[in-house]
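For ligands, and for the atoms within them, numbers begin at 1 and follow the listed sequence. The chain is numbered in sequence order, starting from 1.
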Amino acid sequence: MKLYWAPRTCAIGIHVLLEEIGAPYTLEQVDMRDEANLRGGFPQVNPKGKVPALVRDDRSVLTEYAAIALWLARTYPEAGLWPDDAEAQARVLEATDYLVGTVHAQGFTRFFRPARFDPAAAHDETAKAAAQARGREIAGKGLALLGEALGERPYLAGELFTIADSALFYAERWIAVAEVAAPANILAHFERVKARPAVRRTLEMWGE
Ligand SMILES: N[C@@H](CCC(=O)N[C@@H](CS)C(=O)NCC(=O)O)C(=O)O
């Protein structure tokens with residue numbers, strides 16, 4: 001397997017899962033600021049131009065965090081990243097979808113890429129600040145709701161670290177830089193995940 005990744009991105013959520021699983025993989029860094037790369041080589045791997053993208057051993061490419069994460073978890077069940085019962089599976093998917101589709105795509109992306117939501121933000125500081133404030137608000141509300149779902153438990157599904165926790169982890173990495181308000185139990189979850197051996201190895205590879 002080969003994971004296409006870029007610094008500071010959500011691709012770390014998949015990298016963590018690969019380390020949790022322990023199957024062999026390689027990494028390929030994509031320079032998201034390099035227009036030539038984004039027009040040239042990488043779109044042949046993922047025409048969406050986004051990381052993460054996972055090239056599997058049969059050379060087929062899987063994109064989208066939830067799809068890659070679910071495939072990995074189901075293909076390597078011994079890693080225990082996917083619960084057994086239907087209720088827990090539904091809750092894990094519920095949290096993952098909310099993280100990817102709302103907290104990330106509507107919230108943090110609005111902060112990091114405000115001009116994608118309001119073209120005026122490219123040249124107008126007031127428009128940029130407004131788009132970023134809205135992004136913070138969406139991400140903050142999402143993290144507050146996920147904090148309620150997490151409660152006092154270590155992980156979103158209870159004792160089990162799942163694909164939802166890895167998605168929450170990649171979003172938690174943006175909390176400080178985007179200055180988003182987050183509940184104490186979400187910040188504690190971030191520290192708990194960072195302490196996992198697989199996550200420490202991943203962060204080392206990301207130079208952090
Ligand atoms: N829905 C996609 C989102 C992937 C995504 O937005 N990736 C970002 C990095 S966190 C990216 O590659 N952005 C580059 C760009 O939009 O130009 C997923 O779940 O994987």
Is it the case that atom CZ in R153 sees more than 12 heavy atoms from other parts of the structure closer than 6.0 Å?
yes
Stepwise side chain to side chain contact (heavy atoms under 4.5 Å, CB included) check, H104 with Y65:
CA-CA 11 Å; H104 172 187; Y65 175 87; over 6 Å; no
Atom indices of ligand 1 within 4.0 angstrom of R113 heavy atoms, with elements:
14 (C), 15 (C), 17 (O)
Do R136 and Q132 meet the criterion of a side-chain donor-acceptor pair at a distance under 3.5 Å?
no
Nearest neighbour of atom 8 (C) of ligand 1 from the list V51, I68, T9, on a heavy-atom basis
V51
Consider ligand 1: state whether an atom of it lies below 4.0 angstrom from any non-hydrogen atom of K48.
no
Contact atoms of ligand 1, heavy-atom distance to P52 under 4.0 Å:
20 (O)
Please step through salt bridge (charged side-chain N to carboxylate O under 4.0 Å, His left out) for the pair K194 and E172, ending with a clear verdict.
CA-CA 10 Å; K194 277 195 288 187; E172 286 166 341; over 6 Å; no
Evaluate W174 for polar contact with ligand 1, using N/O atom pairs at a separation under 3.5 Å.
no
Is there a heavy atom of R8 sitting under 4.0 angstrom from any atom of ligand 1?
no
Distance filter under 4.0 Å to V100 heavy atoms, resulting ligand 1 atoms
19 (O)
Determine, for F117 and R134, whether the Lys NZ or Arg CZ falls below 6.0 Å from the six-membered ring centre while staying within 45 degrees of the axis.
no
Any donor-acceptor N/O pair, R116 side chain to F112 backbone, under 3.5 Å
no
